[in-house]
Amino acid sequence: MVIASIDIQNGKVVQLRQGSELMLERDNAGELAQAFDRCGEVAVIDLDAAMGLRPNTTMITPLLRKAECRVGGGIRTPQQAKELVSLGAKKVIIGSSVFRNPDKKGAGAEGGEFGVNVSLLKAFAQAIGRERLVVAVDARGGEIVIDGWKKATGLDLVQASRLAEPWASELLFTCVEREGTMTGIDMTAVKTLREAVSSEITVAGGVSSLAEIEEISALGCNVQLGMALYTGSVTLEDAFVRSLNWAKGEAGGCGGHDRPLLPLIAQSRDGQVLMSGFASREALHETFKRGKLCFHSRTRQKLWMKGETSGNVLTLVRLRADCDRDAILATVEPSGPVCHTGAWSCFSTSRRYTLEYLQSVIAGRFRDPVPGSYTATLDDKLVREKLMEEAEELCAAKTHSETVWEAADVLYFTAALMTRAGVSFEEVLAELERRHLK
């Protein structure tokens, strides 16, 4: 996976050399998040909060609704992590606080000031789940550094990573001496860490070329891009394509005319599988270029865009590689039936009615009212009155069929109220999940 970084300082998107020298700044964080999300998760790092200054919360929160974000910078308590997850963060990155010895004894630091704070890691893992926790192992010359990379801890990168690994699904290794320099990552350090731990690893710091991205990906590591991306040395789309395991496409018998192919599965926003096919490098580049899902036809041995004759195109939302980087999942917006038979998908004759679909229909009625639409008449006052009325009728329902009928009314008016308030079911489900983790 390729991850784009959005570093925030003083309300701006910035890129710093060695964590201090300002190299560039932008004020279009929302646009960047949406664009970056097409190729992978987005790392949103609050540099001010990391330094103990006022956090950029009001700027970061909207980004969590625009992209699949992992958030870091100044997160010191499990409660902070919970709050970020409830707001929509996919993962939470913690760093400096993890390497302060809580009791000044043991914990890998021989009673010193620094050590791996296992009790804190446990608390974070219990609060949001190990699968959402990323530990930043920032290191200079193989030594963990904290507090904006200004304080050396004396902790060995590999030893500290091994102690932290059981409580996190991923380690974020930043090669501090190369960060922002565009001089290339320390590949020896990356290989050493990869051999030492079994958890997922994302590496950052100095990555400056597509060749490096390919080499890092071949080790089974993710790549986080900053300066190289913002300066135009690499594009995120090219990085995504180069990070995939094309050797598997050849070894698996998916090649055609010396063209390795990888499986490409298309799904709707609410997770319904629409179709499957195969993608070549060319097909992926065309997908990014057109914004419509393209495949490689094995029958015709040529590139083709889904819907190029029927008009039922699949508009790209995002692409994601699987854990082995040899299969691709595309989230898309279908403009009509997907299957050549006229069915909703190649796996189902009709569209499954989901809460997300219900809300999309309601949003469409609000946005483009049609004559006679009851939904279009629901202003803020009326929708609340109707929801309270239907909730009472649901509570009074006696039979199974009555309960089903009234519950449907409650869900409909709830969805209408949420839509008018700009709240999605995804956000509500994230809040329920947060409560489940308590």
Side-chain angles (χ1 to χ4, degrees), residues 1-8 13-17 23-45 63 66-70 174-175 178-185 187 190 202-219 221-246 249 259-262 264 279-296 303 305 314-322 325-326 328-332:
M1 179 168 59
V2 179
I3 301 163
S5 182
I6 296 180
D7 298 345
I8 299 175
V13 178
V14 301
Q15 279 294 291
L16 307 178
R17 189 198 301 272
M23 301 302 293
L24 58 87
E25 66 178 22
R26 296 184 181 180
D27 57 6
N28 60 338
E31 293 176 10
L32 290 172
Q34 286 184 307
F36 292 164
D37 182 63
R38 295 206 311 171
C39 301
E41 292 178 9
V42 181
V44 179
I45 310 299
L63 303 183
K66 295 177 181 293
E68 293 184 337
C69 298
R70 46 181 61 195
T174 298
C175 184
R178 307 286 184 92
E179 175 64 25
T181 65
M182 295 287 290
T183 56
I185 193 96
M187 200 62 67
V190 174
T202 295
V203 301
V207 178
S208 58
S209 70
L210 292 173
E212 278 185 284
I213 292 168
E214 191 168 350
E215 186 177 359
I216 293 167
S217 299
L219 294 173
C221 298
N222 302 322
V223 183
Q224 186 163 308
L225 295 173
M227 194 71 77
L229 188 61
Y230 287 91
T231 58
S233 295
V234 301
T235 69
L236 199 55
E237 292 80 7
D238 285 342
F240 176 86
V241 175
R242 290 289 284 270
S243 72
L244 298 173
N245 191 345
W246 293 104
R259 181 184 285 110
L261 304 175
L262 295 178
L264 173 59
S280 61
R281 291 182 176 92
E282 179 191 14
L284 292 179
H285 283 300
E286 282 296 310
T287 293
F288 286 125
K289 180 181 177 180
R290 303 184 192 189
K292 313 294 182 186
L293 198 60
C294 297
F295 295 83
H296 177 83
L303 173 82
M305 183 182 77
L314 301 176
T315 300
L316 177 66
V317 177
R318 62 175 62 95
L319 293 180
R320 295 292 185 265
D322 74 343
R325 298 173 293 105
D326 60 359
I328 308 158
L329 179 66
T331 300
V332 298

Test Val190 against Leu219 for side chain to side chain contact (heavy atoms under 4.5 Å, CB included), laying out the working first.
CA-CA 9 Å; Val190 174; Leu219 294 173; 3.9 Å; yes
With Arg281, which residues qualify under side-chain contact (heavy atoms from CB on, under 4.5 Å), at least two apart?
Val241, Trp246, Pro260
Can you list the residues that meet the salt bridge (Lys or Arg N to Asp or Glu O under 4.0 Å) rule with Arg178, with sequence neighbours excluded?
none
Which residues pass the side-chain contact (heavy atoms from CB on, under 4.5 Å) test with Glu214, not counting sequence neighbours?
Arg242
Might you work through the salt bridge (charged side-chain N to carboxylate O under 4.0 Å, His left out) test for Glu237 and Lys289, ending with a clear yes or no?
CA-CA 9 Å; Glu237 292 80 7; Lys289 180 181 177 180; over 6 Å; no
Using the rule given for side chain to side chain contact (heavy atoms under 4.5 Å, CB included), can you reason through Phe36 versus Val44, listing the C-alpha separation, both sets of side-chain angles and the distance that settles it, and then say yes or no?
CA-CA 11 Å; Phe36 292 164; Val44 179; over 6 Å; no
Among residues at least two apart in sequence or on other chains, which ones pass salt bridge (Lys or Arg N to Asp or Glu O under 4.0 Å) with Asp326?
Lys248
Residues at least two apart in sequence or cross-chain that pass side-chain contact (heavy atoms from CB on, under 4.5 Å) with Val13, listed by chain then number, are Ile6, Arg26, Ala29, Leu32, Met59, Tyr230
Ser209: partners by side-chain hydrogen bond (donor to acceptor under 3.5 Å, both in side chains), with sequence neighbours left out
none
Which residues satisfy the side-chain hydrogen bond (donor to acceptor under 3.5 Å, both in side chains) test with Glu41, sequence neighbours excluded?
Arg70
Walk me through whether Ile213 and Leu225 qualify under side chain to side chain contact (heavy atoms under 4.5 Å, CB included).
CA-CA 9 Å; Ile213 292 168; Leu225 295 173; 4.0 Å; yes
Partners passing side-chain contact (heavy atoms from CB on, under 4.5 Å) against Arg290 (at least two apart in sequence or in another chain)
Glu286, Lys292, Cys294, Leu303, Met305
Using the rule given for side chain to side chain contact (heavy atoms under 4.5 Å, CB included), can you reason through Leu236 versus Phe288, listing the C-alpha separation, both sets of side-chain angles and the distance that settles it, and then say yes or no?
CA-CA 10 Å; Leu236 199 55; Phe288 286 125; over 6 Å; no
Tell me, please, which residues at least two apart from Thr174 pass side-chain hydrogen bond (donor to acceptor under 3.5 Å, both in side chains).
Asp138
Any side-chain heavy-atom pair from Leu244 and Ile328 closer than 4.5 angstrom?
yes
Mind checking what makes side-chain hydrogen bond (donor to acceptor under 3.5 Å, both in side chains) contact with Arg325, not counting sequence neighbours?
none
